[in-house]
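Protein chains get the first letters and strands the later ones, always in sequence-line order, with residue 1 at the start of each. Computed from a predicted structure; not experimentally measured. Just so it is clear, the values below take in all heavy atoms, side chains as well, and ignore hydrogens, waters and symmetry mates.
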There are 2 protein chains.
Amino acid sequence: MGDDTAVNPRHNKAEVFARLRDAHAREVTEDYVEMIGDLIAEEGEARSVALAERFGVTAATVNNTIKRLERDGFVTSRPYRSIFLTEKGETLAKKCRERHRIVYNFLVSIGIDPEIAEFDAEGIEHHVSEETLRVFEKVAKT
Amino acid sequence: MGDDTAVNPRHNKAEVFARLRDAHAREVTEDYVEMIGDLIAEEGEARSVALAERFGVTAATVNNTIKRLERDGFVTSRPYRSIFLTEKGETLAKKCRERHRIVYNFLVSIGIDPEIAEFDAEGIEHHVSEETLRVFEKVAKT
DNA sequence: TTTTAAAGTTAGTCAAGGCTAAATTGATTT
DNA sequence: AAATCAATTTAGCCTTGACTAACTTTAAAA
Ligand SMILES: [Mn+2]
Ligand SMILES: [Mn+2]
Ligand SMILES: [Mn+2]
Ligand SMILES: [Mn+2]
């Protein structure tokens, strides 16, 4: 028999959703490394109390997440001390900050209110492919 | 003392992330009702085997999710029978399908490859505010 | 230097959303 | 009518990401 794609177009939605689940698995990590980078830049160090405040979660939640990030090699931390990005964390943070900036600027450039753009960009950034990002960049600078 | 917003701009990022977490809590529900609607339209009924295939998850996962959707009033189902949308489910499905369409068309309209647009739209749709959606619509039809 | 307050940690709980393996039910063939 | 196969359900497990409450450590005030 073979390829039935022509007659019965295979609904290969599955790939699309697999990628979506992948993106979700990376979201919290991406937002954390970006925020840790911001805190180091703005305040000289990243304390968990500041992360908790900015994310609007409890200190316990931050603690859990930092342990996971450490396990995955994105940060280092010692008890009761502040948090540092590893090389790997730094690299990811940089990429995410840049991507976030492009998405935000794009939204504003097409006429979305900056306040709204801030909200939407925080979610959209994690679902934008490289290709789309390049188009956003180009559109924004016209 | 009072309002220190002017001197030390309060990082009210917390609101942004709260909304992001909210969106995530709704994502699976949104994709399910939309897909159930699609299946009913295309195949006459929504069976869990079809949902499992299209989402690329196991039958057990579909079962869990359908129970949750039922608990939350979006679908009805009877053992070993197909799945139906409630009024509430129908309404949400319609809204999501429309939103999905707008996001997809917008991406294509600014020059993104349809295949890529399909991937990205599946994630982006859940993070687009009403305001942004209106702008997408307007931009796409120019 | 002691006391107190803030920050961080630990323990235990929960829901969502995945999985596998095994049991059950319904539909199709023989 | 039985046997078989496909679909569905159930049971049990796991990780993530959230919470509260209680405890410990560090830093700041008295
Ligand atoms: Mn971000
Ligand atoms: Mn984000
Ligand atoms: Mn969709
Ligand atoms: Mn989607």
Side-chain angles (χ1 to χ4, degrees), chain A residues 13-36 39 43-84 122-123 126, chain B residues 13-36 39 43-84 122-123 126:
Chain A
K13 284 285 170 192
E15 271 181 70
V16 173
F17 289 102
R19 186 183 286 204
L20 183 61
R21 286 189 296 271
D22 250 46
H24 282 152
R26 272 181 271 107
E27 286 200 17
V28 170
T29 296
E30 292 179 346
D31 285 336
Y32 265 71
V33 296
E34 192 186 341
M35 190 71 90
I36 291 166
L39 284 168
E43 311 188 347
E45 63 174 348
R47 310 286 320 199
S48 46
V49 67
L51 288 168
E53 200 242 332
R54 295 211 185 174
F55 285 124
V57 297
T58 62
T61 297
V62 169
N63 218 262
N64 280 341
T65 306
I66 294 301
K67 280 210 203 92
R68 184 154 30 82
L69 295 189
E70 195 159 21
R71 182 201 64 190
D72 296 342
F74 294 105
V75 306
T76 58
S77 76
R78 288 187 342 280
Y80 299 97
R81 293 272 130 61
S82 67
I83 299 144
F84 301 90
E122 196 59 70
H126 308 280
Chain B
K13 284 286 172 194
E15 270 182 70
V16 173
F17 289 102
R19 187 185 285 203
L20 183 60
R21 287 190 294 271
D22 250 45
H24 283 151
R26 273 181 270 106
E27 287 200 18
V28 170
T29 296
E30 292 178 345
D31 285 335
Y32 266 72
V33 295
E34 192 186 340
M35 189 71 89
I36 291 166
L39 284 168
E43 311 188 347
E45 63 174 348
R47 309 287 320 201
S48 47
V49 66
L51 288 168
E53 200 242 332
R54 294 211 185 175
F55 285 124
V57 297
T58 63
T61 296
V62 169
N63 218 261
N64 280 341
T65 306
I66 294 302
K67 279 210 204 92
R68 197 175 47 254
L69 294 189
E70 194 159 21
R71 182 202 64 190
D72 297 341
F74 294 105
V75 305
T76 57
S77 77
R78 288 188 341 282
Y80 298 97
R81 293 273 129 61
S82 66
I83 298 144
F84 301 89
E122 197 58 72
H126 308 281

Practice task
Please report, rounded to the nearest Å, how far the C1' atom of dT8(D) is from the CD atom of E45(B).
Solution key: 13 Å

Handout entry: Whole-Å gap separating P (dT9(D)) and CZ (R78(B))
Key = 11 Å

Practice task
Measure the shortest side-chain to side-chain distance between I66(B) and L69(B) over non-hydrogen atoms and say whether it is less than 4.5 angstrom.
Solution key: yes

Exercise for the section: Might you point out which heavy atoms bring R47(A) and I83(A) nearest each other, and give the distance in Å? Expected result: C-CD1, 4.5 Å

Practice task
Mind listing the closest non-hydrogen atom pair of E53(A) and A14(B) along with its distance?
Solution key: O-CB, 3.6 Å

Exercise for the section: Not counting sequence neighbours, which residues clear ring pair (Phe, Tyr, Trp, His ring centres under 6.0 Å) with Y32(A)? List them please. Expected result: F55(A)

Practice task
Give a yes/no answer on whether the side chain of N63(A) brings an N or O atom under 4.0 Å of OP1 or OP2 in dT9(C).
Solution key: yes

Handout entry: Integer-rounded Å distance: dG18(C) P and F17(A) CZ
Key = 11 Å

Handout entry: Heavy-atom closest pair, residues M35(B) and L51(B)
Key = CG-CD2, 3.7 Å

Handout entry: Lys/Arg-Asp/Glu bridge criterion (N-O < 4.0 Å) met for K13(A), E34(B)
Key = no

Handout entry: Summary of protein contacts for nucleotides 14-27 of chain D, nucleotide by nucleotide, where a base hit scores B, a sugar-phosphate-only hit scores S (4.0 Å, heavy atoms)
Key = --SSBBB---BSS-

